[in-house]
Every structure is written in structure tokens, then in C-alpha cells.
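None of these values were measured; they are calculated from a predicted model. Protein chains get the first letters and strands the later ones, always in sequence-line order, with residue 1 at the start of each.
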Amino acid sequence: MNKSSIGARLAAAPYLVWSVLFVVAPLLMVVYYAFTDDSGNFTFLNFAQLGSYSDVFVRSIWFSLIATVVCLVLAYPVAYLIAMRHERTQRVLVMLIMLPMWMNFLLRTYSWMAILEDTGVINSILSKLGLSPVHMINTPGAVILGMVYNYLPYMILPIYSVLAKLERSMIEAAQDLGANRWQVFTRIILPHSMPGIASGLTMVFVPSVSTFYISQKLGGGKFDLIGDTIERQFQTSYNYHLGAAISFVLMVLILVCMAALNKFAADDEGGLLI
Amino acid sequence: MKRRFACTLVFTLLASFVIPLLVLSAEAQDETVGSGYINVFNWGEYIADGSDGSINVNEEFTRRTGIKVNYSNFATNEDMYAKLKSGGVAYDVIIPSDYMIARLIEEGLLQKLDFSNIPNYSYILDEYKNIYFDPNNEYSVPYAVGMVGLIYNTKMVDETPDSWSILWDEKYANKILMFNNPRDAFAIAQFLLGMSVNTTNPEDWDRAAEKLKEQKPLVQSYVMDEIYNKMESGEAALAPYYAGDFLSMQQNNPDLALVYPKEGTNIFVDSMCIPVTAQNKKAAEMYINFLLEPEIALANAEYICYASPHKAVVENPEYSLAGNEVIYPPEEAKANTEYFHNLPKETLEYMTQKWNELKIGGSNNISIYIGLVVVVVVVVAAFVIRTIRKKRQNAYIDGPAGDK
């Protein structure tokens, strides 16, 4: 700490300026709008209106919880398998995971529409094979699929990076001491990958709970999430105050979730030390 | 008015390659002719750009006058308003719609035009003069005109619809698309209920909202640009949309047809205006006058597929869309049309509140609540068990240590 020279501080200055301008200032503006009315007076009225939005909050949290769990279930084996490969193979595989992210997020979601529609790719293949079509688009499942598809890499990468750094000697030591495969996994590998899982959970949950585009395109505008509601307050209702209040509550919710998650992760590290 | 998303993307991509070239060439010209630039703010895909052998209008303007055109797009009137208000760029020419112009005039954001610099104004048809938002023709010059129509797929809809009520017909459940913006969506319900789209009576809005709620279970999805794909592929059978955009859908799927329902529909005019913040009013008026040159107006009318308010265009024998019944409907179809007016703030807020209720309500079922409660209980239980276990562990470890 005391080693931070003037040079180091100068090097940090651009980011400091950046975060004050584009992180702290906007946050303060959100707080300001959330607690004021049109004439700039302090008020709690914006929050009093939130009761009618409870359905949206509940739906958003539920959808993103499911998406997060699905991501975790899908991502963990993938991350594990990648981490166990030869280093050069690892690099290629990680790049393959990131590949879809090179394409624009909106484009990818848009193409899911064409895939899932009743006259879309999947259903036209099904009908060619003589099978009955499946209705997929504009259902909650489609929205969750969109979330999983878009945010899966954010779950794989942190878990992978933790697993890749895991000392092989620890596994060997456990094996030497007579642990079977299951015990090695639950006692060594899983606890050590907890920090990766924790950051993966946050990195998937936070963007999915606040997403607004996926539900509009894949849910047919019939399963509005918090993000959609906020967007509408700013874009069509011009009600910045209510929009800010909803954003504020969303931020608090996310903070609470992250705090709980961090508590878990921290406990685990404590467990490791013991 | 609202153009295809994919097109916009492709256009943006192309533009990112082409614009630097344009700027370079424009700069090269600037050295020889040289006299400033103007900032023009218009809808996406709303000006002839030289594709398909048409005239590149902005380049042509630069070629003739030496004035560079910084051209940028907006997607909705509301976006335009927000940008204009923020004052980041001083726009010289903007082309918003009727109700937005009314609002801009009301807020003192537009300046009066000097019509002696716009002699081509004489080409504007009389029916597009003295419209409510600019009763004395001081602030705006009409650019394009459109109406909302009912688009349907003739292969999927047996009858020939003549009423908005078909959008409430259970026979077509899950084949119906609806506007994903409150003003346009409410307008459909309001025409059907026989009320004005500019009503300020909350009870009227309640009734319209009720009507939309009734429709929600039948609606496949609420869309804007996605309508192109969904109508062209036959995913949906019925949709209200802007008639100009219908023509390009029909090119891709000839089974599509459009009618103007008997209850009436929304008509809109997009007009050229000069904001008070304009830096180069003279050049802006030159630009407006230039857009009214018969061959330029013709090129634009051909390109954007909306009705032209320009006498020389509609009377031009070479105009391929002349007399097209979709964009130039017979008088009886236009009999019941109504312009959007700028609604007072309270009404606007009430409308969006009703729209919110429509969009968020209804589809949650009790199982989601139960599911969430279960998750919370499980998490809390896991947390408690873990803490207890840890305490025991610590007690076990601390025990011998404490003996020392």
C-alpha cells in the first residue's frame, strides 16, 4: 500500500477519472432521480408506486435464477473438461467458447427468433421429418434459453480459470491419502472452484435479471422483465423518476444477492484454511 | 417510418466503410468550392442514397452548393426529441412527425422559416398546407405522408377484412401481431371504439386499455421492426403497420395485402423544420428548397415508398408509385383518418401507465411465487446448516488450542 509511488498513482488516474465520470456520477443521478419528483422536491412517491411492479420483479428474478442454475449445470462440466486438457488445446477451446461473443448480442438474439419460430428453422426441419411442430417462440422457455445462450460464456470462463490454476499435486495428495474420485471432487476440486462459481453466478445472474432485449424478441413482448419496464419509463413514458426508482431497487436487490453470494464464497475460503 | 432492423444493420455496416470515403471526397471538394456544412437529422432509410441507380441526394447537394451534409438518423420521434433537447449537436434540419412538431413549436424549439429562400414550397399540395400543428405554415415543410393500415396474409385469412375488429377475432388467436408502442397500439383500440385518438378523458383511455387487455391472449407478439420477418414468413397472419413499409413486405411475400379499416386510421406527416439552435439557417433553407426540387423529390419518393406531398412528383408520368392505392388511397379511405396531436403531459403519463399495466400484467402464475419462496427457503436453510457446522468445527479445533 505505502509503496504506491506517484507514478503508480498517475497510472491509475485515467481510470479514476473514468469511473468518477461514468460510474459514480450516473449512479448519483439515478439516486437523485429516484428520490425526487418533477419539480426536484424530495419524495418517496416513486417507490410507493413500485407495488404494481412486483409481478415483474418476481418474474425477472425467477427467470434469471433458472437461467443461472442452467448455466451452472451446463458450464461446470465444460469448464472442468477444458481445464483438464493440454495447455494448447485449452487455448483453442477457450477461444471457441468466446467465439460467439465476437458477434453482436442483438444479432444473435435476433437469429434465435428465426430459429424458434413456428415457421422457423427447427419447426421446418421437424415438419420435413414428419414430426409435429413444437411451439417455442414467445414462451418463458424461449426467454430463458436466450439468457442461457447469451451468458453461458460468463459462467464457463471464471470456473475454467479457477480450475486451470488448481494444483495437480493436491489431487494427487488426496488420492495418496486414499480418497476416491467422488471424495477428490467434493473435498478438493469443488471447494477450490467455489470462487469461480461465485463470480460465474454473479456474472450470469446480474445481466440476466436486468436484461431487456431478450424478453422483447423471444418472449413476444408478453413477458416483460424489469429491464423492459425501466427502458419504457425512459423511452416512452419520460418518467425518469419512476425509472430511476425501479433501477435503484434493482441495484439494491442485486447488491443483496451478491453480498449473500460473497458470504458463501468467503466462508468457503475460510473452510479451506482450516 | 420504422424500417427493417436488418437493413439498418447492414446499412450501418456499409456506412462505416463508406462514410470515411465520402468525407474524404467531400473534403476534397471543399477545398475547391468550400462553404461550410449543415447537420441533418432524419429517420433511418428516409432519403435516396444512390442505390438502385437513384440519386444520392446528400452528395448531389454538396456537388451543387459546396455545402457538406452531416447526415444522421433517428428511430423514433422521442429519440429525436431527446437528442435535440440534450443540445449535443446543433442540428440545422430535422424531419419529425406532426405531433412532435406541435410539441417542439409549443416548447419554442423551432424557428420560423424564411419562405423567400424556399421558392419550391409552391410545389406542396394544398391538402398538406395549414395542418393543425402549423396552421399558418410558418415552421414546417411537408416531406412525406403515411397512414397506418391493416396488413393480412390472404392465404391465412379467409375473408377480406374491413374492420379493426378482426384483430380481436379468436379464430386468428396467436396469429395476430400488435404495435409495441403505446400510442399506435391504443389508436387501434380507440378507432374501433369510435373515440378520438387525442382524447384527454381518462375514462376513454380506460376503455381502450380494457379493449387491449381483452386482445392480449390472442396476440402472438408485440412488435415493431420484427413485423417484416413475421409477416413475410407467414409466422403471423394479421398486423397493423405503416403502409409505406407494407410495400417492401409485399415484394417479399406477394400473398400479403393491406386494407384501410372502415373505422378510420392514423395519418401522419413528416415535415422539415429548423431548430432554434441551428448554426447555418441559410444553408438549411437551401437544403429544404433543394429537397423540393422536382427530380430530387421524385428520387426520394421512389426510394422511401411513402406518399409525396409534392405536386410535381404525383403528377410526374415517370413516378412508378403514382396512383398506387396503398400509399395514395381513394378519398373514402381517408375520410376517417385522424392525426396524432401532442397530448398533455398528464394524458401521456396516464396512457403509459395503462400500457405498463397491460404489458406487465396477467401472465404470472402462482407457481413462480411458490418457486421463489422455495428457493429462498433452501438458500437460508443451507446457510444456517453451514454456519452451525462451521461453529462445531471451530469449537473442535479451538478446543485443544484453548487447552494450551
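- Summarising the geometry, atom CZ belonging to Phe223(A) is positioned 11.5 Å from atom NZ belonging to Lys359(B); distances are rounded to the nearest 0.5 Å.
- Only the side chain of Asp38(A) comes within less than 4.5 Å of a heavy atom of chain B; its backbone N, CA, C and O stay farther away.
- Atom CD of Gln220(B) and atom NE2 of His135(A) lie 7.5 Å apart (nearest 0.5 Å).
- For the residue pair Trp62(A) and Gly371(B), the shortest heavy atom distance occurs at CZ3-C, 3.4 Å.
- The CD1 atom of Ile368(B) lies 7.5 Å from the CD1 atom of Ile66(A); values are rounded to the nearest 0.5 Å.
- Between chain A and the options Ser221(B), Ala82(B), Ser233(B), heavy-atom pairs under 4.5 Å are most frequent for Ser221(B).
- Of the two parts of Glu349(B), only the side chain, counted from C-beta on, holds a non-hydrogen atom closer than 4.5 Å to a non-hydrogen atom of chain A.
- Distance check, rounded to the nearest 0.5 Å: CG of Asn239(A) to CG of Leu348(B) gives 10.5 Å.
- In terms of heavy-atom pairs under 4.5 angstrom with chain B, the leader among Gly219(A), Gly120(A), Ser52(A), Gly221(A) is Gly221(A).
- When heavy atoms are compared at a cutoff of 4.5 Å, Leu372(B) approaches chain A by way of both its backbone and its side chain.
- Using a 4.5 Å cut-off between heavy atoms, Ile137(A) touches chain B through its side chain atoms alone.
- Atoms CG and CD, on Leu116(A) and Glu235(B) in that order, are 10.0 Å from each other to the nearest 0.5 Å.
- Summarising the local packing, CE of Met29(A) is surrounded by 12 or fewer heavy atoms from other residues, nucleotides or ligands at distances under 6.0 Å.
- Open room surrounds CE on Met258(A); 12 or fewer heavy atoms of other groups in view lie less than 6.0 Å from it.
- Although no hydrogens or angles enter the test, the distance criterion places no donor-acceptor pair under 3.5 Å between the side chain of Lys217(A) and the main chain of Glu226(B).
- For Lys211(B), the NZ atom counts as densely surrounded, since its 6.0 Å shell holds more than 12 non-hydrogen atoms of other residues, nucleotides or ligands.
- Under a cut-off of 6.0 angstrom, the local environment of CZ in Phe105(A) is crowded, with over 12 non-hydrogen atoms contributed by other residues, nucleotides or ligands.
- Contact of the Thr352(B) side chain with the Arg232(A) side chain is not registered, since no non-hydrogen atoms from C-beta on lie closer than 4.5 Å.
- Residue contact with chain B, scored on non-hydrogen atoms closer than 4.5 Å, involves the backbone and the side chain of Asp118(A) alike.
- Side-chain contact between Ile360(B) and Asp55(A) is absent, with no heavy atoms from C-beta onward closer than 4.5 Å.
- Inter-residue side-chain proximity for Asn356(B) and Gln233(A) is flagged as met; some heavy-atom pair is nearer than 4.5 Å.
- Heavy-atom contacts from other residues, nucleotides or ligands closer than 6.0 Å to OH of Tyr33(A) number 12 or fewer.
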